[in-house]
Amino acid sequence: MASPLLDNLNPEQLAAVTLPQASALILAGAGSGKTRVLTTRIAWLLGTGQARPMGILAVTFTNKAAREMLTRLSAMTPQSTRGMWIGTFHGLCNRMLRAHYRDANLPQLFQILDTQDQLALIKRLYRTHGIDDEKFPPRDLQWFIADAKEAGKRPNAVEAGNDHERRLVEYYALYEAACQREGVVDFAELLLRSFELLSNHAGIRGHYQARFAHILVDEFQDTSELQYRWLRLLAGPDAAVFAVGDDDQSIYAFRGANVANMQHFERDFATPERPVRLIKLEQNYRSHGNILDAANALIANNQARLGKNLWTDAGKGDAVRVFSAPSDLDEAAFIVDVVRGLVDEGLAASEIALLYRSNAQSRVLEHALFAAGIPYRVYGGLRFFERAEVKHALAYLRLVASPDDDGAFLRVVNFPPRGIGARTLEQLQENARSAGSTLWQAARAGGITGRAGASLGGFVQLVEALRASTAALPLSEAVATIIEMSGMAAHFKAEKDGQDRLENLEELVHAAETFVREGDLATDAPMLSTRVEAVPAEPPADGPDEGASDPLTAFLAHAALEAGDTQAEEGRPALQLMSVHAAKGLEFHTVFVTGLEEGLFPHENSFNVDAGVDEERRLMYVAITRARRRLYLTYAQSRMLHGQSRYNIQSRFIDEVPSGLLQWLSPQRMRARAIDVDAAEWGALPAPTPGSPKPTPQAPQWRIGQSVRHAKFGVGVIIDAEGRGSDARVQVNFRDAGVKWLALEYAKLEAA
DNA sequence: AAATGTGGAATTTTT
DNA sequence: TTCCACATTT
């Protein structure tokens, strides 16, 4: 088909876009135009009449990715995106559950718990059932539940190997009962419930299988076991699953992502007539050659890859710069210097990213940037819909929609303060427990006397008044009304630091407005326009976005499923600081990968995890491939961590980049920062400058922070010392052998 | 109900 | 060290 749509695609992209109707695995390297291929594929299917919008389902992991796909798609095709299902796994599951809430055994207006809400519910359960939170930390149970659901297991299906696990299963059952009673579902539940719905209802399954001839999956390497099984259920015998992913960028195993899905795809989605096609997109349009060569060489150290080598015709570009700093402070100072220079040369600050393995590392960097007056923005932290005041307002909204939601009830029953104290609530909870009811039901039943009872009655009346006064209002006005009537507005007005919170509440009203305005663009198509016998009559599922049946519920689902941005303000161009995880999918002119030290990156916790370092290496691969033009790798020989100095050796990931690609920037003779040991006693050696020829001193003199090699224990760093002369001993932190004290007289140490 | 104190933990986190 | 959750005070 001749079409401008296909212009400028490279041969592999073109092949992928125009594959015949069969399942395919597209191995799309970083910067290889993956989103373009996905969206062009859809546009091509529509344009050639091979698919109707109704027949397309595209699933992503983030709302951002879903939005981007939708936006780009609308620009590519004259056809309406209405009718397509494009969204996140959770969003699509939510949508399906709303449409089939009866078969899914859920209340029509079920509410979605985010991770915070879920933990709160668990803690509440602990109180009412007197569960020992020492033996069973709430977070452990939260993890246990998520894990079980991910494995597709209800409490009765979980095998308990010991008493401890038996208790956990028991609590899992209690948790489930509470969720069911209150009409709430957590994130994992959305998936599992949707999976079970498809699994247990042949009619519904048949309906969706018949409908979705094309299922497209973004970031396929990040799918979990359950998501994979969900896809298999959804994909009918004739469906074409177009899975796009990069096994080398799988960095969410700790959250359940299962790279093995990529290996199994070929087997599981092939039919005798239609084998799975595999296409590799290896041409990179982002980075210069040296950067790609570094990434390729690094990732080649991983086993069990599908195999892929990025290339570019953009030329080699600059060498990868490496800097070894004596301390974390020096590392930060170096970065500030370089950044200043780059910005002075005219590079936009927002085109520079500082990446780190763990968020705690941002502090030192921030401090230095602040002192230097360089504007920066840190990603991470509380998102908009997670802020306390926003959660409060949402809790009122939730109560209006679904008053049996105990979590929402407890959050605002005494906020703003209205004299309903802990004692009253304990009594109420006891009443609810013995009646097997929710708090709302218990409160309405009365049974609490005196002033406390009256206050509680007042609260019940307030919620009912809220419901009555907002029923006929547009969503944003309803939100505004609730903020006023609940007393929150007055409360924050009176509070000295309440201004920010008030502004956030105003922002919430604004968000509701935007949601309603843009919602219909997203997914307001009727859920089931092709009626199928076995599918029961549907509620008019034409709410905006998440496909809920009324705007309020849809908005609440939206708030839970899309926590919003970390910060509202964008403002002036600023340097970007973020974890490597957060950088995935982004790109910058210049990238600093900081803290490249053994124990930090790769993180020490990965050492005792199966294939842990491999995942760290993929993380490093992601970090490197964020850079378009310039890449800096930095590390510190000593670093403040948990209140004390740590001496780390340079990350193996630096060693894994061919030295020919590297340009060392560390001064040849950089003295280690004075440490609390008499330097004269120990003599002073130039800091090791890895990558350059090492001097082998005849009579080595040792200092703290120095890298050494031991015949038996391998490489390590001297972290402490004591004694002198023949009594002298040093403490060495070995990469593999751990921390040891060694007598200098006997240990055969070499400088490393 | 705010304010202050204490103990324990301190990767990563698309939903 | 620093942050957070929780408990105790005022």
Side-chain angles (χ1 to χ4, degrees), chain A residues 59-68 87-94 112-120 123 133-134 137-139 143 146 149-150 185-191 194 218-219 221-224 226-227 249-257 328 355-364 379-383 385-386 414-422 491 495-497 546 557-566 578-586 595 599-607 609 612 615-616 618-620 622-623 639-646:
Chain A
V59 61
T60 62
F61 275 85
T62 65
N63 294 292
K64 193 173 157 214
R67 269 197 307 270
E68 185 179 348
T88 63
F89 277 100
H90 297 266
L92 297 181
C93 288
N94 174 53
I112 300 169
L113 301 183
D114 67 15
T115 320
Q116 271 180 39
D117 300 332
Q118 186 191 24
L119 190 64
K123 286 181 179 167
D133 62 355
E134 303 259 297
R139 277 176 197 284
W143 176 85
K149 290 188 177 181
E150 180 52 46
V185 301
D186 60 45
F187 287 143
E189 185 70 30
L190 285 170
L191 283 164
S194 169
D218 188 22
E219 304 279 16
Q221 77 282 352
D222 288 337
T223 47
S224 70
L226 185 57
Q227 286 162 341
Q249 291 190 70
S250 167
I251 55 172
Y252 284 105
F254 70 95
R255 274 178 100 262
D328 47 354
L355 308 185
Y356 33 78
R357 175 69 237 277
S358 62
N359 293 113
Q361 290 167 248
S362 75
R363 166 170 281 107
V364 182
Y379 287 75
L382 267 198
R383 319 247 295 252
F385 286 112
E386 292 167 353
N414 196 34
F415 188 87
R418 48 177 73 90
I420 300 174
H491 175 83
E495 208 179 61
K496 57 181 185 300
D497 298 323
E546 318 292 346
H558 167 82
L561 292 175
E562 176 164 23
D565 288 331
T566 306
M578 66 191 83
S579 70
V580 180
H581 282 92
K584 191 175 159 211
L586 306 177
L600 245 200
F601 197 3
H603 198 278
E604 54 197 354
N605 291 15
S606 72
F607 296 160
V609 177
E615 173 133 332
E616 297 287 307
R618 292 192 290 269
L619 202 47
M620 181 64 181
V622 168
R639 177 180 297 276
M640 260 326 219
L641 207 63
H642 309 331
Q644 47 193 357
S645 291
R646 284 207 1 185

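Every chain is numbered from 1 and lettered A, B, ... according to where its sequence line falls, protein lines coming before strand lines. When reading the values below, keep in mind they use all heavy atoms of this one structure, side chains included, and skip hydrogens, waters and symmetry mates.
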TODO: Could you check if a side-chain atom of Lys149(A) sits within less than 4.5 angstrom of a side-chain atom of Leu191(A), using non-hydrogen atoms only?
DONE: no

Open item on the list: Tell me whether His90(A) and dT15(B) count as stacked here, given that the ring centres must be under 5.5 Å apart and the planes must differ by less than 30 degrees.
Closed with: no

TODO: Kindly confirm whether the side-chain ring of Phe89(A) is stacked on the base of dT15(B), judged by centres under 5.5 Å and planes under 30°.
DONE: no

Task: Short side-chain donor-acceptor distance under 3.5 Å, Ser358(A) and Gln361(A) - done: yes

Open item on the list: With a 3.5 Å limit on both atom pairs, tell me what dT8(C) is paired to, counting Watson-Crick and G-U wobble, or say none.
Closed with: dA3(B)

Task: For dT12(B), the Watson-Crick or wobble partner whose two distances fall under 3.5 Å - done: none

- [ ] Report the nucleotide, chosen from dT13(B), dT15(B), dT11(B), that has the shortest atom-to-atom distance to any side-chain atom of Thr62(A).
- [x] dT15(B)

Task: Interatomic distance, Met620(A) CE vs dT12(B) C1' [rounded to whole Å] - done: 16 Å

Open item on the list: Is dT12(B) syn or anti, taking syn as a glycosidic angle within 90° of 0?
Closed with: anti

- [ ] Between dT12(B), dA1(B), dA10(B), spot the one nearest the side chain of His581(A), thanks.
- [x] dT12(B)

Task: Matching residue for Asp222(A) among Gln227(A), Lys584(A), Arg255(A), Gln249(A) - test: side chain to side chain donor-acceptor pair (under 3.5 Å) - done: Lys584(A)

Open item on the list: Strictly below 4.0 Å: does Asn359(A) bring a side-chain N or O up to OP1 or OP2 of dT12(B)?
Closed with: yes

Open item on the list: Using the side-chain heavy atoms of Phe187(A), tell me which of these nucleotides is nearest: dA5(C), dT15(B), dT14(B).
Closed with: dT15(B)

- [ ] Could you please name the option among dT11(B), dT12(B), dA5(C) that lies closest to any side-chain atom of Ser579(A)?
- [x] dT12(B)

TODO: Quick one: label Asn414(A) by what it contacts on the DNA or RNA (base, sugar-phosphate, nothing), any heavy atom closer than 4.0 Å.
DONE: sugar-phosphate

Task: Any Glu68(A) side-chain heavy atom under 4.5 Å of Thr60(A) side chain - done: no

